[in-house]
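A short write-up of the structure that comes next.
Just so it is clear, the values below take in all heavy atoms, side chains as well, and ignore hydrogens, waters and symmetry mates.
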Amino acid sequence: MLIKYYIFKLILIFLFFCSSSVAKETKYFDEGLLLFKNRDYDKSKIFFEKNIVFNPKHEKSYLYLAKIFKRKNNDTEEEVNLNNVLLINPKNDEALYMLIELKIKQSDYNQTKELMEKFILVCDSFCKKKEELLKKFSKITPENE
């Protein structure tokens, strides 16, 4: 009987710690999102990074980090975070859209062309921006193409 009591107690403690880590994870993302909407990008960045520590596959945290780095004109970090989003979810059309814009800005024709082909296949909520991307892409297209 005493052994069952200790096992029960151990299971309760385990469940408590599991639930508190999940609660922190959600809390960090929600807090970061709130700060992002209030344009406090430095603080929101910290919360998104904390969320990634608890859940490295949380694509929205990486996406919002990319948005923060875009606002700060840090192309390298923006690209790293967008690539992380696409590793987790290759069909994330918002991340593809942002990465295409970044590659157009960098005048990387080959990479942009490859990403545009993927974007056309998977676009969902950003399909209406396809024409805008095609217009920007045409500006970096080589003359012999």
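Residues that satisfy the ring pair (Phe, Tyr, Trp, His ring centres under 6.0 Å) test with Phe48, not counting sequence neighbours, are Phe29, Tyr64. Legend: residues meeting side chain to side chain contact (heavy atoms under 4.5 Å, CB included) with Ile52, ordered by chain and number and at least two apart, are Ser61, Tyr62, Leu65. Evaluation of the side chain to side chain donor-acceptor pair (under 3.5 Å) rule for Lys72 yields Asp42 as partners, not counting sequence neighbours. By the side chain to side chain donor-acceptor pair (under 3.5 Å) test, Glu59 is found to be paired with Asn89, Asn92, residues two or more places apart in sequence or in another chain being considered. With sequence neighbours excluded, the residues forming a ring pair (Phe, Tyr, Trp, His ring centres under 6.0 Å) with Tyr97 are Phe126, listed by chain and number. Remark: Lys57 engages no residue in a side chain to side chain donor-acceptor pair (under 3.5 Å) (not counting sequence neighbours). Listed by chain and number, the residues in a side chain to side chain contact (heavy atoms under 4.5 Å, CB included) with Lys70 are Glu78, Met98, Glu101 (sequence neighbours excluded). Taking the side chain to side chain donor-acceptor pair (under 3.5 Å) definition, one finds that Lys60 meets it with nothing, sequence neighbours left out. A search for salt bridge (Lys or Arg N to Asp or Glu O under 4.0 Å) contacts involving Lys91 returns nothing, not counting sequence neighbours.
The structure places CD of Gln111 at 5.0 Å from CD of Glu114, a figure rounded to the nearest 0.5 Å. Leu115 CG to Glu117 CD: the interatomic distance, rounded to the nearest 0.5 Å, is 9.5 Å. For the atom pair CG (Leu63) and CD (Glu94), the distance works out to 4.5 Å, reported to the nearest 0.5 Å. For the atom pair Lys103 NZ and Leu96 CG, the distance stands at 12.5 Å (nearest 0.5 Å). Interatomic distance, CG of Leu102 versus OG1 of Thr76, reported as 8.5 Å (0.5 Å rounding). Atom CG of Asp40 is separated from atom CD1 of Ile68 by 9.5 Å, given to the nearest 0.5 angstrom.
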Less than 3.5 Å apart, which donor and acceptor atoms pair up between the side chains of residues 80-88 and the rest of the protein, not counting sequence neighbours?
unit_1	atom_1	unit_2	atom_2	d
Asn81	ND2	Glu77	O	2.9
Asn83	ND2	Glu79	O	3.2
Asn84	ND2	Val80	O	3.4

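Not one N or O on the side chain of Asn51 forms a donor-acceptor pair closer than 3.5 Å with the backbone of Phe47.
Residues Ser44 and Phe36 come closest through the heavy atom pair CB-N, 3.6 Å.
Applying the salt bridge (Lys or Arg N to Asp or Glu O under 4.0 Å) test to residues at least two apart or on different chains, the pairs with a partner in residues 46-56 are Lys45-Glu49.
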